[in-house]
2 protein chains.
Amino acid sequence: MPTPKKKARPVAPLSREAWVKAASNLIAQEGVKAVAVEPLALLLGVTKGSFYWHFQNRDELIHAALEAWEQDQSADVVSRYGGIADPRRRLRVLLFAAFEDVENGKFFAALAVSSEDPRVQPYLHRATERRLAFGVEAFRALGFLEAEARERALFAYAAYAGYFQLLRTTPEAVAAVTDLSGYVRRLAETLVPARARRS
Amino acid sequence: MPTPKKKARPVAPLSREAWVKAASNLIAQEGVKAVAVEPLALLLGVTKGSFYWHFQNRDELIHAALEAWEQDQSADVVSRYGGIADPRRRLRVLLFAAFEDVENGKFFAALAVSSEDPRVQPYLHRATERRLAFGVEAFRALGFLEAEARERALFAYAAYAGYFQLLRTTPEAVAAVTDLSGYVRRLAETLVPARARRS
DNA sequence: TGGCAACCATACGCTTGCGTATTGATACGG
DNA sequence: CCGTATCAATACGCAAGCGTATGGTTGCCA
């Protein structure tokens with residue numbers, strides 16, 4: 001018997017990141033309101049005492065989780081797809097990549113669930129603005145006027161948001177469509193003309 | 001001074017329907033979780049005592065509100081658009097009507113927000129199933145095979161759901177697109193071919 | 001005018017969750 | 001070996017909400 005003490009620590013001491021990660025999972029599954037300190041502590045096998053050592057309060061944890069997501073976002077989108085010169089190809093690659101990143105899509109849908117929460121609104125707004133602006137610019141580069149570029153970008157974004165909303169709320173309905181790539185291909189072909197054109 | 005009593009009743013006694021309506025509004029704005037008895041009573045100018053006279057408990061109110069919505073749904077969709085014989089026209093009319101019914105769209109988006117709630121899931125599932133089935137059948141009538149009909153129906157439904165989700169979470173982004181009918185027209189033209197075809 | 005039914009107020013107990021305070025337990029450097 | 005920093009348990013006070021119990025007020029009707 002090495003250390004037959006009264007109550008062994010949960011193996012390893014908990015890091016701040018562990019709390020943030022657990023909170024992110026909870027947000028992705030049940031929204032921000034589900035991030036409650038005591039249940040979360042129970043889930044992690046500790047008590048509130050631990051939490052309030054790592055964080056000032058519940059808000060700090062929530063912001064940390066949202067912040068982490070936003071960091072990923074910016075890193076991905078801007079750097080990865082901004083480099084593709086041809087706007088036609090840039091859009092297609094972005095569309096396919098967006099639908100393939102299921103994790104991110106689900107988290108986004110979860111944020112939409114908590115859109116009333118004043119804490120998430122800034123993050124949601126920034127993400128939407130960034131993504132839409134990215135799309136608008138690409139469509140403008142394809143030769144569309146501002147108005148039509150906006151419309152097409154919104155269309156694409158709505159298709160994206162709607163897909164992951166449905167995947168969240170009624171996965172069975174989505175599962176009936178076996179070929180996701182066909183779905184995305186249709187979206188791309190609708191919005192991105194095969195040849196350049198001017199309006 | 002007709003009736004200068006101590007404390008006038010809120011003019012008229014509250015009907016059960018008044019509670020349901022207020023609850024529906026709350027759901028549409030802040031989701032099911034926001035339907036709390038005491039705040040709602042405060043809003044209506046009465047106290048809990050009134051509520052628990054009209055309803056067994058909170059669940060009964062929530063179900064009543066969801067039930068009312070489902071009734072409207074079934075009535076509208078099936079009867080109004082089922083009568084149009086030409087599937088091409090049926091689909092186009094349905095699409096335009098769906099996007100124009102902002103109230104219903106907002107309520108649907110609000111239900112998606114509360115999709116984790118076991119109370120709303122059945123209603124959400126039934127609505128989705130009904131609508132998708134309606135779309136699939138119309139596309140099949142246009143000559144598409146089952147698989148492609150499903151894909152197109154899902155596409156249309158996702159565009160619908162996504163649009164109202166964005167309208168809910170980030171209305172500014174949607175407001176930038178002034179011409180909604182262009183959006184819907186594009187959707188219709190993408191999905192509904194001008195002429196019949198076989199696959 | 002007495003009584004009953006509809007409608008509502010008040011007061012209470014219970015649970016969940018936040019945040020604080022205080023006190024342990026462990027590890028590690030001097 | 002001791003002290004300090006790190007991490008966690010326990011106990012407490014507080015607020016919001018649900019649901020119950022009980023009593024009060026109004027209107028109508030016999």
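- Under the salt bridge (charged side-chain N to carboxylate O under 4.0 Å, His left out) criterion, B:R131 pairs with no residue at all, not counting sequence neighbours.
- With sequence neighbours excluded, no residue satisfies salt bridge (charged side-chain N to carboxylate O under 4.0 Å, His left out) with A:R89.
- Only A:V35, A:A36, A:V37, A:E38, A:P39, listed by number, bring a heavy atom of residues 29-42 of chain A to less than 4.0 angstrom from any atom of DNA chain C.
- Rounded to whole Å, the distance from CG on A:L61 to P on C:dC18 is 10 Å.
- For B:G49 and A:R58, each mapped to the nucleotide of DNA chain C holding its nearest heavy atom, the one lying further toward the 5' end belongs to B:G49.
- Residue B:W53 places its side chain closer to C:dC8 than to any other of D:dC7, C:dC8, D:dA8.
- Taking the salt bridge (charged side-chain N to carboxylate O under 4.0 Å, His left out) definition, one finds that A:E30 meets it with nothing, sequence neighbours left out.
- Closest to the side chain of B:Y52, from the set C:dT20, C:dA6, D:dT20, is D:dT20.
- The shortest distance between the side-chain N/O atoms of B:H54 and the OP1/OP2 oxygens of C:dC8 is below 4.0 Å.
- One interatomic measurement links the two molecules: CH2 of B:W19 to P of C:dC7, which rounds to 13 Å at whole-angstrom precision.
- The distance between atom CZ of A:F55 and atom C1' of C:dT20, rounded to the nearest whole Å, is 18 Å.
- The interatomic distance linking A:Q56 (CD) with C:dT20 (C1') rounds to 12 Å, in whole Å.
- Under the side-chain contact (heavy atoms from CB on, under 4.5 Å) criterion, A:T128 pairs with A:L132, A:Y157, B:T170, B:A173, sequence neighbours left out.
- Put simply, CZ on A:R16 is 15 Å from C1' on D:dT6, counting in whole angstrom units.
- With sequence neighbours excluded, the residues forming a salt bridge (charged side-chain N to carboxylate O under 4.0 Å, His left out) with A:E146 are A:R140, A:R150, listed by chain and number.
- Ring centers of B:W69 and B:F107: under 6.0 Å apart, within the cut-off.
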